[in-house]
Amino acid sequence: MSKNSLVKLASIDAQLRLLVPAKVSEDDKLVEYDALLLDRFLDVLQDLHGEDLRETVQECYEHSAEYEGKHDPRKLEELGSVLTSLDPGDSIVVASSFSHMLNLANLAEEVQIAYRRRIKLKKGDFADENSATTESDIEETLKRLVVQLKKSPEEVFDALKNQTVDLVFTAHPTQSIRRSLLQKHARIRNCLTQLYAKDITPDEKQELDEALQREIQAAFRTDEIRRTPPTPQDEMRAGMSYFHETIWKGVPKFLRRVDTALKNIGINERVPYNAPLIQFSSWMGGDRDGNPRVTPEVTRDVCLLARMMAANLYFSQIEDLMFELSMWRSTDELRVRAHELHSSSRKDAKHYIEFWKQIPPNEPYRVILGDVRDKLYNTRERSRHLLASGTSDIPEEATYTNLEQFLEPLELCYRSLCSVGDRPIADGSLLDFMRQVSTFGLSLVRLDIRQESDRHTDVMDAITQHLGIGSYREWSEEQRQEWLLLELRGKRPLFGPDLPKTEEITDVLDTFHVISELPSDSFGAYIISMATSPSDVLAVELLQRECRVKNPLRVVPLFEKLDDLEAAPAALARLFSIDWYLNRINGKQEVMIGYSDSGKDAGRLSAAWALYKAQVELINVAKQYGVKLTMFHGRGGTVGRGGGPTHLAILSQPPDTIHGSLRVTVQGEVIEQSFGEEHLCFRTLQRFTAATLEHGMRPPISPKPEWRALMDEMAVVATEEYRSIVFKEPRFVEYFRLATPELEYGRMNIGSRPSKRKPSGGIESLRAIPWIFAWTQTRFHLPVWLGFGAAFKHVLQKDIRNLHMLQEMYNEWPFFRVTIDLVEMVFAKGDPGIAALYDKMLVSEDLWSFGEKLRVHYEETKSLLLQVAAHKDLLEGDPYLKQRLRLRDSYITTLNVCQAYTLRRIRDPSYSVKVRPHLSKEIVDSSKPAAELVKLNPTSEYAPGLEDTLILTMKGIAAGLQNTG
């Protein structure tokens with residue numbers, strides 16, 4: 001490299017350093033971490049693509065940083081000129097570079113959070129980031145309940161061991177980063193952590209630095225783009241990989257920390273191994289609502305694959321346990337069992353004849369566990385055979401078919417060890433193993449089935465018409481209930497093989513047949529989306545009986561849209577008034593509430609309030625009928641779909657609505673953020689457990705009547721404002737599709753499910769995820785804030801004293817505070833200037849005034865929100881988050897500009913750009929290092945490089961803003 005070039009690069013680097021935010025505190029190493037990763041990446045970039053491209057990337061960053069400083073739109077145009085002067089290959093490299101730099105910034109943040117966490121714990125300060133209001137440490141929570149709330153240790157222990165948190169993994173398409181890249185990111189994170197560890201030698205530092213650069217290069221050299229959509233099986237394997245990598249070992253480790261926390265408040269008893277503190281379920285391969293790719297065959301495959309994975313995890317661990325339990329002292333009960341097994345014909349099994357010879361008769365625990373090992377092998381292989389060919393020569397009786405069979409020999413070993421004075425040994429690896437068995441069972445996770453209510457109505461209509469008794473679809477709700485109950489109380493078969501079936505009806509019935517054929521512990525709940533009435537639930541109950549489901553799944557109505565949420569309490573009361581159903585559920589019912597479609601239907605403010613009120617009323621209905629109600633929260637990752645910090649989300653729920661029992665979805669990119677690393681997994685389990693316990697033992701305050709009245713009034717205004725724009729404005733759909741990359745969203749191949757429930761239709765048919773994702777890409781976040789401003793403005797103009805009441809609500813009512821804080825965070829991530837660029841580049845001139853009007857609403861809403869929170873600036877109470885967002889802004893801005901200009905070129909091929917003289921728009925010079933990237937997508941219908949550049953910008957922005965889905 002020439003001397004002049006080195007001087008130029010050093011000058012640019014120095015300028016960039018001046019733009020980086022300062023430290024927030026003494027233990028803040030974020031800027032240092034980020035600088036190191038950025039330097040290493042730029043070195044990699046220069047080595048691979050040359051000095052010119054490094055200079056281009058740094059020049060783009062500089063333009064973006066200058067824009068962020070003054071928000072001068074001319075800087076965006078200058079940046080656009082730089083980006084559009086690139087040839088296709090270089091354009092891909094630049095977009096990929098900024099996407100990778102954002103991923104590296106995220107990794108620096110994760111290492112910083114973990115570092116600060118360790119510092120706080122060493123000081124005895126358990127709060128993470130700000131205070132205990134934003135985090136849940138299990139030990140601190142237990143101490144607070146005993147010391148501050150005067151709960152007895154026994155009360156706390158009793159509540160804890162009886163509570164349940166069920167985390168439901170879903171495959172909603174919001175995780176835009178490929179799994180292969182996530183694994184490389186984990187290694188980068190580990191290298192960075194070790195580089196800053198104490199007592200590291202110079203040699204170790206050099207080796208780690210080389211490893212860091214190697215992993216950064218490996219990540220950069222990996223194609224970020226999925227070239228084909230994942231299948232539901234692919235999604236399931238990706239989801240289950242978290243169990244193998246972090247959750248499997250994370251659960252017993254977390255439960256040991258709970259034991260320690262209990263000991264520190266005076267409880268010398270461990271959490272029982274079968275206490276259901278943490279459970280896991282899945283929708284991957286079971287969520288068929290609007291996804292034609294989830295077929296009965298897929299559901300069957302996913303269940304068998306999960307059972308095979310579970311058996312394999314147990315099998316790989318049982319041998320370690322066997323060699324650990326080498327002691328000879330045991331009870332007579334265990335010794336007799338061991339003698340029977342050792343002398344039985346099982347020891348002659350071909351697979352293990354040599355193994356059995358190695359076990360001395362005076363090691364009875366190994367004999368018992370050896371038999372467990374045999375059955376686990378058979379269980380795994382039988383699932384493998386069934387998955388591959390549908391048959392297996394391994395008899396079912398040679399496998400484990402239920403959890404009790406599996407636990408019985410383990411319990412026998414545990415009892416024996418305790419009886420002969422070896423409890424410390426029993427409470428070691430054996431207890432961990434038993435806790436894993438109790439948590440994960442034989443199925444690893446229980447699969448929920450989700451289907452839309454109309455599909456069940458189609459089946460019932462086909463049956464009634466075939467029987468010649470009329471059209472079920474045309475019957476009233478009373479007629480439907482009367483007929484369904486008549487059939488449920490009877491015993492005759494409802495239909496035979498001669499039932500005329502469409503493809504859709506066959507799919508529904510075959511799904512029930514799969515449920516009947518597979519082990520019952522493979523499944524959790526049957527979710528009915530778009531449920532509105534008792535007949536929706538009764539229809540599923542009848543179909544389960546008709547398809548001979550021996551252990552019927554619990555049926556869970558899902559109330560999603562605003563009208564459905566408001567009508568849900570009355571619908572539940574009608575359901576509970578049916579004696580047959582009340583006897584069927586044995587005093588327990590689960591109801592799911594949807595955050596996504598309610599938000600898309602009415603806006604965030606109205607949806608949040610409707611969800612709050614619906615929960616209170618549903619709980620009251622359940623109490624009237626003596627039913628314990630479990631609320632299933634269908635939360636997404638983004639604020640517009642119910643996302644937000646776990647601790648705050650739980651503690652802001654209405655009193656008595658959790659009561660020791662919580663189910664919640666963990667979706668898309670949130671899975672990686674919650675379980676991608678060992679410490680993340682630990683923190684996630686801790687947050688859910690501690691916050692659920694605290695909510696039950698220290699319920700949040702109920703809103704005052706005047707607060708409720710004000711919220712009711714604001715919700716009406718917010719809904720009207722939101723719907724007047726989203727649903728009633730004649731050209732809104734046109735504006736939305738021009739101003740955002742919604743039409744191009746499907747090219748990311750990040751999910752198996754179509755973006756629409758129906759191929760045709762407007763906003764109402766669009767799924768909530770692409771609806772939110774598209775607005776997030778432009779940093780306008782319209783679905784989150786639209787309606788808030790009109791509501792605040794209305795009540796303040798009506799009576800200025802309402803400002804004091806709103807501020808009182810913010811300071812005293814957790815629900816309202818969380819709602820406002822999350823929207824404030826969204827404003828901190830937003831930028832109307834970027835949205836204006838999209839309008840200028842992509843929207844027809846006659847719609848520009850519409851966009852300008854929306855941006856005026858944006859600024860007005862932000863101002864009113866700050867008044868209500870009594871804040872001068874956004875995030876003034878969270879300097880760490882403010883710093884992290886500022887650090888990312890310049891990266892994201894470059895990608896926004898690149899995306900807007902790329903969309904313009906895609907949608908308007910006649911749009912002229914300045915291409916470097918040596919390379920035409922159509923011809924790629926294969927001698928350039930970046931040119932080969934264009935060849936990765938030779939079938940694109942766009943000009944060379946444009947599709948990949950666009951997808952890279954979408955992925956990068958998603959990584960930078962994080963809670964995008």
Side-chain angles (χ1 to χ4, degrees), residues 126-127 132-133 135-168 250-281 427 431 434-435 438-439 586-591 615-616 618-620 622-623 626-633 645-664 682-702 814-815:
F126 294 101
T133 60
E135 186 57 89
S136 302
D137 180 276
I138 189 66
E139 184 165 339
E140 185 207 16
T141 299
L142 298 188
K143 287 180 177 178
R144 187 164 59 245
L145 291 172
V146 171
V147 176
Q148 295 180 12
L149 297 186
K150 307 302 180 185
K151 303 288 185 182
S152 71
E154 291 73 23
E155 282 181 280
V156 174
F157 181 49
D158 188 59
L160 180 65
K161 69 183 180 182
N162 288 302
Q163 78 174 33
T164 301
V165 173
D166 190 354
L167 304 179
V168 185
V251 166
K253 180 181 178 182
F254 166 67
L255 292 174
R256 286 199 171 276
R257 181 62 57 83
V258 176
D259 288 341
T260 302
L262 286 167
K263 191 172 183 179
N264 289 336
I265 62 167
I267 298 293
N268 291 315
E269 188 178 345
R270 295 182 181 275
V271 174
Y273 76 87
N274 55 357
L277 261 69
I278 294 290
Q279 301 291 303
F280 293 92
S281 301
D427 285 337
L431 178 61
M434 292 169 71
R435 284 173 164 173
S438 182
T439 299
N586 195 29
K588 295 180 181 178
Q589 177 66 47
E590 185 177 316
V591 170
Q615 288 185 74
V616 173
L618 287 166
I619 289 291
N620 288 337
K623 285 180 179 177
V627 175
K628 176 177 170 54
L629 191 67
T630 295
M631 303 302 306
F632 183 6
H633 298 261
T646 298
H647 177 97
L648 297 178
I650 293 174
L651 293 185
S652 66
Q653 298 304 314
D656 296 327
T657 56
I658 293 180
H659 206 60
S661 181
L662 173 70
R663 285 194 100 209
V664 61
F682 185 87
R683 290 174 66 207
T684 299
L685 299 179
Q686 183 164 246
R687 285 168 172 168
F688 276 105
T689 302
T692 301
L693 178 67
E694 187 168 355
H695 186 281
M697 301 199 78
R698 185 174 68 172
I701 66 167
S702 296
F815 161 77

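Predicted model only: the values in this text are computed from it and were never measured.
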Just so I know, are the side chains of [X] and [Y] near enough to count as touching, which here means a heavy-atom distance under 4.5 Å?
| X | Y | answer |
| --- | --- | --- |
| L629 | M631 | yes |
| K628 | H659 | yes |
| L277 | V165 | no |
| L160 | L262 | yes |
| T630 | K588 | no |
| F280 | V251 | yes |
| L167 | Q279 | no |
| E269 | K263 | no |

[X] [atom1] to [Y] [atom2] distance, which is reported to the nearest 0.5 Å:
| X | Y | atom1 | atom2 | value |
| --- | --- | --- | --- | --- |
| E694 | I658 | CD | CD1 | 11.0 Å |
| F157 | R270 | CZ | CZ | 11.0 Å |
| E139 | I265 | CD | CD1 | 9.5 Å |
| T439 | Y273 | OG1 | OH | 11.5 Å |
| L142 | L693 | CG | CG | 6.5 Å |
| N264 | E140 | CG | CD | 13.5 Å |

Which atom names give the shortest non-hydrogen contact between [X] and [Y], and what distance separates them?
| X | Y | answer |
| --- | --- | --- |
| R687 | R683 | NH2-NH2, 2.6 Å |
| S652 | A649 | OG-O, 3.1 Å |
| F682 | F254 | CE1-CA, 3.8 Å |
| A275 | K161 | CB-O, 3.5 Å |

NZ/NE/NH1/NH2 to OD/OE distance under 4.0 Å, K623 and D656: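 Salt bridge: yes.
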Would you please test Q686 and T141 for side chain to side chain contact (heavy atoms under 4.5 Å, CB included) and show each step? CA-CA 10 Å; Q686 183 164 246; T141 299; over 6 Å; no
So, the side chain of [X] versus the backbone of [Y]: is there a donor-acceptor pair under 3.5 Å, distance only?
| X | Y | result |
| --- | --- | --- |
| N162 | D158 | yes |
| Q653 | I650 | no |
| T692 | T689 | no |
| R435 | V271 | yes |

Working for side chain to side chain contact (heavy atoms under 4.5 Å, CB included), residues L662 and F688: CA-CA 9 Å; L662 173 70; F688 276 105; 4.2 Å; yes
Establish, from distance only, whether the side-chain atoms of T164 and R663 form a donor-acceptor pair under 3.5 Å.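 On atom types as modelled, these side chains do not qualify, holding no pair under 3.5 Å.
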Verify side chain to side chain contact (heavy atoms under 4.5 Å, CB included) between V156 and V146, making sure each step is shown before the conclusion. CA-CA 8 Å; V156 174; V146 171; 4.1 Å; yes
